[in-house]
Q: 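Quick one: this structure, given as structure tokens, is what I'll be asking you about.
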Number of protein chains: 2
Amino acid sequence: MTQSIDYKQLLREAGLRVTPQRTTIVSLLSETDDHPNVEDLYEKARTLDDTVSVATVYRTMSVLENAGLVRKLVLEDAPARYEMMPQTDHDHLVDMDSGELVEIPGTEIASLLDRVAAEMGYELVSHHTVIRARKV
Amino acid sequence: MTQSIDYKQLLREAGLRVTPQRTTIVSLLSETDDHPNVEDLYEKARTLDDTVSVATVYRTMSVLENAGLVRKLVLEDAPARYEMMPQTDHDHLVDMDSGELVEIPGTEIASLLDRVAAEMGYELVSHHTVIRARKV
DNA sequence: CTTGATGCAAAGCCTTTGCATCCCA
DNA sequence: TGGGATGCAAAGGCTTTGCATCAAG
């Protein structure tokens, strides 16, 4: 059982069509610790399958996001980045000096926001928290 | 002493040049409860001063943001919105049904994020939290 | 086969910028 | 009067889309 098959199953189970392009993109995104943007993914995908187009990367990210397989990270003054939907809930911190994107582990933030939303009469659907910070 | 003068002083005290366009834009932004985007501001400004250009609105928002007078709100799939730098710290909630942007009062979120950053060895510079939610 | 997926290139949207002119300090 | 601010229009960066073709189911 190759890893490739796992990614195909992931797509299939989400009710999505399995194409070589989608399989390539999902495998790249699954196997990186980065939070790549579309250009990153496009360039890496090209080295594995030179038929992939940027349009397909964009369309695939959109499809994957709607299917709940991928999370889109919207940052200021930079193209969106993506990560596979995290198993362990986390938020993000941008190191202002290096530009690095660091994951903030834990559900502490989520549960606070959940409570805050509830207190305002809302049910939280999702949240987006980005901290900009510098190393001490 | 008119309000107009207050806005001019606000600019002057920030070390910025006082121009009719900036004064108009600051007054509009100060007197609204909305969180207008550039287009909103441009259209409103036009009704008061038909010399204002979109480019100036963009440049003014950038200048005001750098001066710490204005906060930029970056949202998904929508142009950035702006608000005068809040006196009372707050975050934002997007009502997914109405599209309305609601302010979340209090510093509870900020202090949690502050602590979280510190625990990771960082000093928080700013944070950006947007909750997407539905009315219960 | 039929319908959705893809590649390509063009278009779209928001934002920035070059340049000549203007005007605040 | 000098340097920053403005208007205009063009360009830029990221993303979406129309259309013909392709291929998954």
Side-chain angles (χ1 to χ4, degrees), chain A residues 4-5 7-28 35-43 45-67 69-70 72-82 99, chain B residues 4-5 7-28 35-43 45-67 69-70 72-82 99:
Chain A
S4 166
I5 289 180
Y7 300 130
K8 289 181 184 171
Q9 282 182 352
L10 196 67
L11 290 167
R12 209 174 291 118
E13 285 165 9
L16 303 176
R17 252 189 211 204
V18 179
T19 68
Q21 293 88 345
R22 289 182 177 179
T23 308
T24 299
I25 292 169
V26 169
S27 71
L28 285 173
H35 298 77
N37 59 35
V38 165
E39 194 187 340
D40 298 333
L41 286 169
Y42 171 63
E43 285 171 6
R46 276 255 140 179
T47 70
L48 300 178
D49 173 356
D50 62 5
T51 74
V52 177
S53 71
V54 211
T56 292
V57 179
Y58 275 107
R59 281 189 279 229
T60 299
M61 297 324 289
S62 168
V63 162
L64 295 175
E65 192 192 359
N66 289 334
L69 294 180
V70 152
K72 180 180 186 180
L73 307 170
V74 177
L75 304 174
E76 289 196 35
D77 307 319
R81 297 192 189 193
Y82 298 88
Chain B
S4 165
I5 289 181
Y7 300 129
K8 288 180 184 170
Q9 283 183 350
L10 196 67
L11 290 166
R12 209 174 290 121
E13 285 164 9
L16 302 176
R17 250 188 214 206
V18 179
T19 67
Q21 293 87 345
R22 289 182 177 179
T23 308
T24 300
I25 291 168
V26 168
S27 71
L28 285 174
H35 298 77
N37 59 33
V38 166
E39 195 188 341
D40 298 333
L41 286 169
Y42 172 63
E43 285 173 3
R46 277 256 141 180
T47 69
L48 299 178
D49 174 355
D50 63 5
T51 74
V52 177
S53 71
V54 212
T56 292
V57 180
Y58 275 107
R59 281 190 280 231
T60 298
M61 297 325 287
S62 168
V63 163
L64 294 176
E65 191 191 1
N66 289 334
L69 294 180
V70 152
K72 180 181 185 178
L73 307 171
V74 177
L75 306 174
E76 288 195 35
D77 307 318
R81 296 193 188 192
Y82 297 88

Q: In chain order, what residues pass the side chain to side chain donor-acceptor pair (under 3.5 Å) check against Tyr42(B), with sequence neighbours excluded?
A: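 With sequence neighbours excluded, Tyr42(B) shows a side chain to side chain donor-acceptor pair (under 3.5 Å) to Arg46(B), given in chain and number order.
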Q: For Ile25(A) and dA5(C), give me the distance from atom CD1 to atom P, rounded to whole Å.
A: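 Value for this atom pair: 13 Å.
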Q: Measure the distance from CE on Met61(A) to P on dT16(D) and round it to the nearest whole Å.
A: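 Answer to the nearest Å: 11 Å.
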Q: Does Thr56(A) have any side chain to side chain donor-acceptor pair (under 3.5 Å) partners at least two apart in sequence or in another chain, and if so, which?
A: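 Per chain and number, Thr56(A) pairs via side chain to side chain donor-acceptor pair (under 3.5 Å) with Ser53(A).
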Q: Report the distance from atom OH of Tyr42(A) to atom P of dA9(C), rounded to the nearest whole Å.
A: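 Rounding to the nearest Å, OH of Tyr42(A) and P of dA9(C) are 10 Å apart.
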Q: Name the one of Val26(A), Leu11(A), Thr60(A), Leu10(A) that satisfies side chain to side chain contact (heavy atoms under 4.5 Å, CB included) with Leu16(A)?
A: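 Answer to the side chain to side chain contact (heavy atoms under 4.5 Å, CB included) test with Leu16(A) among Val26(A), Leu11(A), Thr60(A), Leu10(A): Leu11(A).
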Q: Looking at residues at least two apart in the chain, or sitting in another chain, which of them share a side chain to side chain contact (heavy atoms under 4.5 Å, CB included) with Val70(B)?
A: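 Scan of Val70(B) (side chain to side chain contact (heavy atoms under 4.5 Å, CB included), adjacent residues dropped) gives Leu29(B), Met61(B), Leu64(B), Tyr82(B), Met84(B).
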Q: Along nucleotides 14-24 of chain C, 5' to 3', which nucleotides get a B, which get an S, and which get a -, given that the test is a protein heavy-atom distance under 4.0 Å?
A: SBBBB-----B
Q: Quickly work out the Asn66(A) CG to dT16(D) C1' distance and round it to whole Å.
A: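 Taking CG of Asn66(A) and C1' of dT16(D), I get 14 Å after rounding.
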Q: What residues form a side chain to side chain contact (heavy atoms under 4.5 Å, CB included) with Val74(A), not counting sequence neighbours?
A: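 So Val74(A) forms a side chain to side chain contact (heavy atoms under 4.5 Å, CB included) with Lys72(A), His128(A), Val74(B), Glu76(B).
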Q: Nearest whole angstrom, please: distance from the P of dC8(C) to the CD of Gln21(A).
A: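 For the pair Gln21(A) CD and dC8(C) P, the rounded distance is 11 Å.
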Q: The criterion is side chain to side chain donor-acceptor pair (under 3.5 Å); which residues satisfy it with Asn66(A), sequence neighbours excluded?
A: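 Per chain and number, Asn66(A) pairs via side chain to side chain donor-acceptor pair (under 3.5 Å) with no residue.
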Q: Would you mind reading off the distance between Leu11(A) atom CG and dG25(D) atom P, rounded to a whole angstrom?
A: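 Leu11(A) atom CG is separated from dG25(D) atom P by 10 Å.
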Q: Once you round it to whole Å, what is the distance between C1' of dC8(D) and CZ of Arg46(B)?
A: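 In whole Å, dC8(D) C1' and Arg46(B) CZ are 11 Å from each other.
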Q: In whole Å, I'd like the distance from the CG atom of Leu16(A) to the P atom of dT6(C).
A: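 In whole Å, dT6(C) P lies 10 Å from Leu16(A) CG.
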